[in-house]
Amino acid sequence: MGARMKHERWKNNFSEWFDEALWNAKIMETRYPVKGLYVWLPYGLKLRNRVLAIMRELLEETGHEEVLFPLLIPENLFKKEAEHIRGFEGQVYWVTHGGKDKLDVRLALRPTSETSIYPMFALWIRSHADLPLKIYQIVNIFRYETKMTKPLIRLREVTTFKEAHTAHATSEDAKAQVRAAVETYKKFFDELGVPYVITKRPSWDTFAGAEYSIAFDTLAPDGRALQVGTIHNLGQNFAKVYGLEYEKEGGAHEYVYQTCYGISERVIAAAVMVHGDDLGPCFPPRVAPVQIVIVPIPFKGEEKSAEKVAKRIAGELKAAGFRVHLDERDLRPGRKFYEWERHGVPLRLEIGPKDVKQEQVTVVRRDTGERFTISLKVVNREVRKILKQINKEMRARAWKSFLNSIRDLKDLGEIKKVMDARAGIVRAPWCGKEACGKAFEEKTRGSVLGEELNDKRMKGVCPVCLKPAKTSVLIAKTY
RNA sequence: GGGGUCGUGGGGUAGCCUGGUCUAUCCUGCCGGCUUCGGGAGCCGGUGACUCGAGUUCAAAUCUCGGCGACCCCA
């Protein structure tokens with residue numbers, strides 16, 4: 001592991017690092033002239049599609065069906081859920097005109113789709129036989145952010161919002177669905193090698209209209225928590241507003257119990273940051289737009305032979321299903337190495353005179369910088385093994401560094417120090433009372449992520465009221 | 001919600017304080033050529049910018065106000 005795997009800029013100048021990483025890797029174009037809107041570039045879009053493919057696979061295999069609802073929601077429907085709208089009030093874009101005519105009914109650009117989907121649920125759900133109903137869609141949503149915007153992280157148009165909505169006959173079924181969604185999301189983040197903590201959000205930070213909310217948070221290199229997924233148990237709150245009743249076996253009617261859960265392109269930001277180093281991103285082979293780049297090293301007299309072998313290997317690997325790019329440009333090899341490293345391509349194959357002569361190929365890992373050779377005869381098999389290994393090791397490294405950034409503390413002053421230093425997540429004992437939870441936030445300047453789902457309780461007393469702790473909370477500076 | 005800094009070719013910048021000599025600096029990229037090729041090569045030629053609007057002034061990249069945009073801090 002050499003100078004190339006440094007994490008100095010990555011850690012100490014994270015904000016700049018992130019913008020440059022997106023630019024150098026050609027993921028996003030950030031110069032679109034409207035605040036908070038960005039352009040997906042071809043390479044970035046390929047990455048996005050890989051990530052979405054995993055998402056779709058996981059949802060389909062757990063019985064969700066994909067749908068696509070309209071972007072526009074009429075004001076009357078939108079405002080029906082008074083409590084819900086309070087959550088997005090002031091953040092909604094309105095369409096007020098059609099051509100030169102002022103619209104009688106204003107249309108909201110969806111900030112999320114509950115208010116457009118649930119009225120349709122009311123038409124679709126008649127009896128218990130229609131339940132459970134599990135759908136999802138991957139759409140863009142609009143939120144009028146007044147704060148600073150940041151590509152992939154804080155957007156006015158979230159271009160990639162996966163939202164699942166389910167309806168169930170009983171409260172128990174809805175709760176079970178929440179647990180199932182947690183499991184699905186775990187698998188999803190594991191595929192990306194993105195580490196996380198799972199918390200039950202505190203009462204004062206619950207999604208408008210939800211009974212309770214569960215969230216996944218990861219950690220940015222600057223020590224701030226980044227929420228990358230949320231799961232809500234909506235109980236019958238929306239069902240009552242939108243009249244989602246079903247007929248039970250005995251003929252009685254009851255409101256359905258609902259859940260919804262979402263993940264956005266923030267998860268791509270997370271993948272970029274947790275696996276990055278000073279050179280830029282390094283994508284796990286599972287989602288890398290290009291998994292293997294092949295660079296032929298030409299040499300005097302026999303320019304063609306390296307090229308020929310490179311072409312053959314590229315063809316073989318492609319046929320075996322790998323995403324391969326053969327870089328035949330007339331540039332010096334060093335330049336190509338550098339460029340592909342900045343694109344986060346996890347594996348590079350070099351084929352030069354020595355390699356051709358010895359019937360081998362030189363292999364370089366992006367994540368570790370490790371360099372070695374493998375025989376041409378077994379390229380296919382070896383590459384498969386190495387990519388798998390890289391996936392595994394990248395995930396393990398990310399988790400290790402993540403867990404090192406979570407510390408158990410029992411003193412408010414010490415917690416505040418961690419918050420001020422942006423040094424990660426703190427676990428602290430908690431009596432469970434809302435007043436004490438809010439006091440945590442006031443006295444440490446951090447945000448309470450919530451109560452950890454895996455029940456890692458800390459012993460001791462609540463540092464605010466000094467009464468015995470019933471549970472523990474996670475606290476962090478957040479995005 | 002409050003406060004601050006900033007905006008110069010595709011990217012990064014010098015110049016601005018103290019208006020004129022700016023026909024706007026340098027690095028990089030990009031295009032063409034030569035030469036090279038196992039870690040960002042070199043040489044020659046070329047391309048390309050003062051965020052927008054209003055104002056002050058004989059004169060504005062430079063000063064004033066506003067819009068749009070970027071970044072930072074605090075609540």
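The chains referred to below are lettered A, B, ... by the order of the sequence lines, with proteins before strands, and numbering in each begins at 1. From a predicted model like this one, the values you see are computed outputs, not experimental measurements.
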request  = With side-chain hydrogen bond (donor to acceptor under 3.5 Å, both in side chains) as the test, would you mind laying out the steps for A/K354 and A/T362 before giving the verdict?
outcome  = CA-CA 9 Å; A/K354 282 178 221 153; A/T362 298; over 6 Å; no

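- A salt bridge links A/E16 to A/R9: one of the charged nitrogens lies within less than 4.0 Å of a carboxylate oxygen.
- At whole-Å resolution of the value, NZ in A/K26 and P in B/G11 are 13 Å apart.
- Using a 3.5 Å distance cut-off with no hydrogens or angles, the side chains of A/D355 and A/Q360 do pair a donor with an acceptor.
- Nucleic acid contact class of A/T149 (heavy atoms, under 4.0 Å, all strands): sugar-phosphate only.
- If you take CE of A/M5 and C1' of B/G39, they are 12 Å apart, rounded to a whole angstrom.
- In this structure B/C68 sits in a base pair with B/G7, meeting the Watson-Crick or G-U test at under 3.5 Å.
- Residues A/D277 and A/R366 are paired through a salt bridge, judged by an N-O separation under 4.0 Å between the basic side chain and the carboxylate.
- Rounded to whole Å, the distance from CD on A/Q360 to C1' on B/G38 is 12 Å.
- To the nearest whole angstrom, the two P atoms, one in B/G4 and one in B/G20, are 29 Å apart.
- Of all nucleotides listed (B/G38, B/A75, B/G1), B/G38 comes nearest to the side chain of A/T362.
- If you check B/G39 for Watson-Crick or wobble pairing at under 3.5 angstrom, you find it has no partner at all.
- Proximity note for A/I297 (side chain, C-beta onward) versus B/A75, B/C74, B/C37: the nearest is B/C37.
- Ion pairing of A/R110 with A/E163 is absent here, as no side-chain N (NZ or NE/NH1/NH2) approaches a carboxylate O to less than 4.0 Å.
- The gap from the P atom of B/G7 to that of B/C50 amounts to 15 Å, rounded to the nearest Å.
- Base pairing of B/U57: no nucleotide in any strand meets the Watson-Crick or G-U wobble criterion (both distances under 3.5 Å).
- Among the protein residues, A/K150 comes within range of no part of the nucleic acid, since none of its heavy atoms lies under 4.0 Å from any strand.
- In summary, the aromatic rings of A/W399 and A/Y196 are positioned with their centroids under 6.0 Å apart.
- When the P atom is compared between B/G66 and B/U5, the two are found 13 Å apart, to the nearest whole Å.
- Taking the C1' atom of each, B/U8 and B/C22 are spaced 12 Å apart, rounded to whole Å.
- Nucleotides B/G1 and B/C30 are separated by 45 Å at their C1' atoms, to the nearest Å.
- Looking at A/E414 and A/R407, no side-chain N of the basic residue comes within less than 4.0 Å of a carboxylate O on the acidic one, giving no salt bridge.
- The base of B/G11 has none of its N or O atoms less than 3.5 Å from a complementary donor or acceptor on the side chain of A/E20.
- A donor and an acceptor atom never sit less than 3.5 Å apart when one is taken from the side chain of A/T146 and the other from the base of B/G1.
- Phosphate proximity of B/A70 to A/R31: absent, as no side-chain N or O sits under 4.0 Å from OP1 or OP2.
- Heavy atoms of A/R371 sit under 4.0 angstrom from at least one base atom.
- Counting to the nearest Å, the P atom of B/C71 and the CG atom of A/L22 are 12 Å from each other.
- One finds a side-chain N or O of A/K35 lying less than 4.0 angstrom from the OP1 or OP2 phosphate oxygen of B/A70.
- Taking atom P in both B/A54 and B/C16, the straight-line distance is 26 Å, to the nearest Å.
- Contact annotation: side chain of A/K336 to base of B/G38, donor-acceptor pair absent below 3.5 Å.
- The same atom, C1', is picked in B/C68 and in B/G53; the two are 10 Å apart, to the nearest Å.
- Across all strands shown, B/A49 has no partner, as no Watson-Crick or G-U wobble contact with both distances under 3.5 Å is found.
- When the P atom is used for both B/C6 and B/C17, the distance is 13 Å, rounded to whole Å.
- Neither OP1 nor OP2 of B/C71 sits under 4.0 Å from any side-chain N or O of A/S15.
- In this entry the distance linking CE of A/M148 with P of B/G4 reads 16 Å, nearest Å.
- Where A/Y38 and A/D355 each meet RNA chain B at their nearest nucleotide, the meeting point lying more 5' is that of A/D355.
- Ion pairing of A/E29 with A/R31 is present here, as a side-chain N (NZ or NE/NH1/NH2) and a carboxylate O approach within less than 4.0 Å.
- Residues A/W23 and A/R335 each lie close to RNA chain B; by heavy-atom proximity, the contact nearer the 5' end of the strand is made by A/W23.
- In this structure, A/L331 atom CG and B/C30 atom P are separated by 8 Å, rounded to whole Å.
- Taking atom CD of residue A/E341 and atom P of nucleotide B/G39, one finds them 12 Å apart after rounding to whole Å.
- Rounded to an integer number of Å, the gap from CG of A/D330 to P of B/G33 is 11 Å.
- Looking at A/R332, its side chain has no donor and acceptor atom pair within 3.5 Å of the base of B/G38.
- Closest approach to the A/R422 side chain among B/C71, B/G1, B/C73 is made by B/C73 (side chain taken as heavy atoms from C-beta onward).
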